[in-house]
Amino acid sequence: MSLPIKDDEIDIVIGALHSDLTSFMNAWRPIFSRFHLIIVKDPDLKEELKIPEGFNLDIYKKLDIDRVVGTSTSIIFSGYSCRYFGYLVSRKKYIISVDDDCLPAKDNKGFLVDAVAQHITNLTTPATPFFFNTLYDPFTEGADFVRGYPFSLRSGVTCALSCGLWHNLADYDAPTQALKPEERNSRYVDAVLTVPARTLMPISGINIAFNRDVVGPALLPCLRLAGEGKFRWETMEDIWSGMCVKVICDHLGLGVKTGLPYVWRNDRGDAIASLRKEWEGVKMMEEVVPFFQSLRLPQEATTAEDCVVEVANAVKEKLGSKDPMFARTANAMLDWVKLWKSVGGSSSSPGA
Amino acid sequence: MAQPSTISPATLLKDELDIVIPTIRNLDFLEMWRPFFQPYHLIIVQDGDPSKTIRVPDGFDYELYNRNDINRILGPKSSCISFKDSACRCFGYMVSKKKYIYTIDDDCFVAKDPSGKDINALEQHIKNLLSPSTPFFFNTLYDPYRDGADFVRGYPFSLREGVPTAVSHGLWLNIPDYDAPTQLVKPLERNSRYVDAIMTIPKGTIFPMCGMNLAFNRELIGPAMYFGLMGDGQPIGRYDDMWAGWCTKVICDHLGLGVKTGLPYIWHSKASNPFVNLKKEYKGIYWQEELIPFFQSVTLPKDCTTVQQCYIEISKQVKAKLSKVDDYFNKLADAMVTWIEAWDELNPSGAKSAELPKGASK
């Protein structure tokens, strides 16, 4: 059963890449209004933010980011990376983050999905990364561990990350969406499952939640493509961050879940136009996946900060020579840890 | 880029797939499956008393083997085939001449999908087996080759062709496949959640494979589907499919083959007696604590390039590492070797298989 969570243990962090958040906030109002929100305005956004009344929130803009972070860091909090500033300054245990072009989805019975409640359930029930349960999440109502599941593995581990999915515009890359311009995701897969240990996957930043106390510093705004843009097709920052988080969770014995909740993602942008920029990201994955698959962290790394440093050093050593982007990324990761230690409040708890 | 299947797969494999059914009681359940199963050849493995006549509904093309047939065909090697346990079904895999096998329990019926339509489980299994698997990187939208889905952003293009699928593991609505302790604690729990997904079980991850609703490519992985020594005269039961699943997954991982789980669902109607189950599973519950770490750490040498070689290698490691758990594993390791010997005898590679003595057939 999930632990009872108080609303004030949760922050909802929104990176505002659009200035007018009125319809976004109003659509989420029934779900968000109980909670404290952190809205981080993309420093590149010129217009003033338009936010409706009735929310408990803090807004951070370019001025605030500069003030807190100063010029001492190589981290660039622009575009989709602006939300990480919100992760940095939050002091809550659980963070939920959705892109500002996403709205609440409907489940297979037509009811509005409370994405916050589902993410919190995912984070507060154990994950089971060491053995696959064929009935998916054994802690959900109406399910359990199946025959053949070792009893010693049934208590599970702390779930550090909850990755949700998307209806309508799924998180495809530009080539895929360009080839299937009409394809929209309407399938509701009624499952949450733990991603097995040592299995890697593309962790999308569009709809995620995490336990900031145990993995906060491992979500990092460190990889920027040369052609980084304001569409998800033009970035890999979340995919990079996700690979780091998964490797670190595997090392620390923490769990990552994927599946519910769904959000509804608005149609936006032009996949074909983004194709040119995306190519860099596509190429990058070919280098990056074998690197992460073989990455092993030393026993002495027992906190998320330690692990980020180890990963950064490995990136520098093994990928730095392949592309200057990786060397920059490694440095940004080290900068991020420094920033986290000085601005991020108390250091993260040792694994689980 | 993932392409959806446009050919009707069911008609394609009519002469390439056998349906293997172990039974001890009767085959009335076949009536419900008739619209889906009738085009296919059935191999019925009759467990228990061979003097009993199992009635097969009219109109099915089948061959039936009872214990006497198994003893006659395998001679002394028949010792590897379990008696008084549905594990005997693997004899059906061995005598089949087809490329694909679907096996189903005789208390499994046609389920309905959320729209109320009958689920053609066999058709879904065939689709699963005919499309690639993706064990090297997890796709968050599950099966990328399905209609309406694809690989997500960040999925390396070099991994998008996938690998051949060796196993399709289906699930069950109504009575879920729980172990005895869970059944005792939750006797009324029914699985009513229809999870509309098929996914590849990642490389390096083992899973509890249930034999109630299972299909596989016999040419790719057949010899690994030995269901072990269970039932009469054995200290354990209800771990036959588990054993086969662990061996199969380790070998699939080694040979670069895929294992899928998820759709299709069947409707599992009978809850077996949990106290009887507890007696059968009791040792297994303790032993699996040793077995799981064993299988998780099995490595197969590079020169094991066939399923049989991999399987013999596993049997050696079973003998070396698990005999200290119980002497049963010595017997099991020997039975694993006997199984492979019998398999190779009945399935000589290269030349067309010789005319072999068959069971009663229609």
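Convention: sequence-line order gives letters A, B, ...; per-chain numbering from 1. Quick caveat: nothing in here was measured; it's all calculated off a predicted structure.
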*May I ask you to name which of Ala191(A), Pro129(A), Ser152(A), Ser204(A) has the most heavy-atom pairs under 4.5 Å with chain B?*
Ser152(A)
*CG-CZ distance between Asp147(B) and Arg187(A), expressed to the nearest 0.5 angstrom*: 7.5 Å
_Approximate separation, where rounding is to 0.5 Å, of Gln293(A) CD and Lys203(B) NZ_ = 9.0 Å
_Using only atom types and a distance under 3.5 Å, with no angle test, would you say the side chain of Lys180(A) pairs donor to acceptor with the backbone of Ala149(B)?_
yes
*With Arg147(A) as reference, evaluate Thr182(B), Asn277(B), Asp177(B) under the side chain to side chain donor-acceptor pair (under 3.5 Å) test and give the passing residue.*
Asp177(B)
*Atom group of Ile203(A) that falls short of 4.5 Å from chain B, counting heavy atoms*: neither
*Could you tell me whether the side chain of Thr176(A) reaches within less than 4.5 Å of the side chain of Tyr155(B), counting heavy atoms only?*
no
*Answer with side chain, backbone, both or neither: which region of Met284(A) has an atom nearer than 4.5 Å to a non-hydrogen atom of chain B?*
neither
*asked:* I'd like to know whether NZ of Lys230(A) has more than 12 heavy-atom contacts from other residues, nucleotides or ligands below 6.0 angstrom.
replied: yes
_Please identify, among Leu159(B), Asn191(B), Leu171(B), the residue contributing the most non-hydrogen atom pairs under 4.5 Å to chain A._
Leu171(B)
*With the side chain counted from C-beta on, respond yes when Phe132(A) and Val259(B) share a heavy-atom pair under 4.5 Å apart, and no when they do not.*
no
_Using heavy-atom distances under 4.5 Å, tell me whether Ala170(A) contacts chain B through its side chain, its backbone, both, or neither._
side chain
*Below 4.5 Å from any heavy atom of chain A, which atoms of Gln296(B) appear? Answer side chain, backbone, both or neither.*
side chain
*Tyr328(B), OH: over 12 other non-hydrogen atoms inside 6.0 angstrom*: yes
*Is the closest basic N to carboxylate O distance between Arg154(A) and Asp179(B) below 4.0 Å?*
yes
*For the pair Tyr142(B) and Leu193(A), evaluate side chain to side chain contact (heavy atoms under 4.5 Å, CB included) and give the outcome as yes or no after the intermediate values.*
CA-CA 11 Å; Tyr142(B) 314 111; Leu193(A) 55 136; 3.9 Å; yes
*Heavy-atom distance under 4.5 Å to chain A: side chain of Pro181(B), backbone, both or neither?*
side chain
*asked:* Counting only non-hydrogen atoms closer than 4.5 Å, does Tyr188(A) touch chain B with its backbone (N, CA, C, O), its side chain (CB onward), both, or neither?
replied: backbone
*Which distance, rounded to the nearest 0.5 Å, do you find between the CG of Asp196(B) and the CG of Asn108(A)?*
9.5 Å
*salt bridge (charged side-chain N to carboxylate O under 4.0 Å, His left out) assessment of Arg160(B) paired with Asp173(A)*: CA-CA 13 Å; Arg160(B) 294 193 188 196; Asp173(A) 52 47; 2.6 Å; yes
*Against chain B, label Asp238(A) side chain, backbone, both or neither, depending on which of its atoms sit under 4.5 Å from a heavy atom there.*
side chain
_Using side chain to side chain contact (heavy atoms under 4.5 Å, CB included), reason through Phe131(A) and Gln288(B) one step at a time and then give a plain yes or no._
CA-CA 12 Å; Phe131(A) 201 71; Gln288(B) 73 191 4; over 6 Å; no
*asked:* Looking at Arg190(B) and Asp144(A), is any side-chain nitrogen of the basic one under 4.0 Å from a carboxylate oxygen of the acidic one?
replied: no
*Roughly how far, to the nearest 0.5 Å, is the CD1 atom of Ile201(B) from the OG1 atom of Thr199(A)?*
10.5 Å
_Please classify the contact of Trp240(A) with chain B as side chain, backbone, both or neither, using a heavy-atom distance under 4.5 Å._
neither
_Minimum-distance pair of heavy atoms, taken over all atoms of Pro156(B) and Val289(A)_ = CG-CG2, 3.5 Å
*Proximity breakdown for Leu135(A) and chain B, heavy-atom pairs closer than 4.5 Å*: side chain
*Let me know if Val146(A) has heavy atoms under 4.5 Å from chain B in its side chain, its backbone, both or neither.*
both
*Would you check if Pro208(B) and Phe145(A) make a side-chain contact, meaning some heavy-atom pair closer than 4.5 Å?*
no
_Is Gln177(A) in contact with chain B via its backbone, its side chain, both, or neither, using a 4.5 Å heavy-atom distance?_
neither
*Would you indicate whether Lys283(A), at its atom NZ, is surrounded by more than 12 heavy atoms from other residues, nucleotides or ligands within a distance under 6.0 Å?*
no
*Which residues satisfy the ring pair (Phe, Tyr, Trp, His ring centres under 6.0 Å) test with Trp246(B), sequence neighbours excluded?*
Phe295(B)
*Could you give me the CA-CA distance, side-chain angles and deciding distance for Phe130(A) and Thr205(B), then say whether side chain to side chain contact (heavy atoms under 4.5 Å, CB included) is met?*
CA-CA 8 Å; Phe130(A) 303 120; Thr205(B) 300; over 6 Å; no
_Applying side chain to side chain contact (heavy atoms under 4.5 Å, CB included) to Asn133(A) and Phe207(B), what does each step give before you reach the verdict?_
CA-CA 7 Å; Asn133(A) 193 44; Phe207(B) 75 115; over 6 Å; no
*asked:* Keeping Glu286(A) on the side-chain end and Phe157(B) on the backbone end, is there a donor-acceptor pair under 3.5 Å?
replied: yes
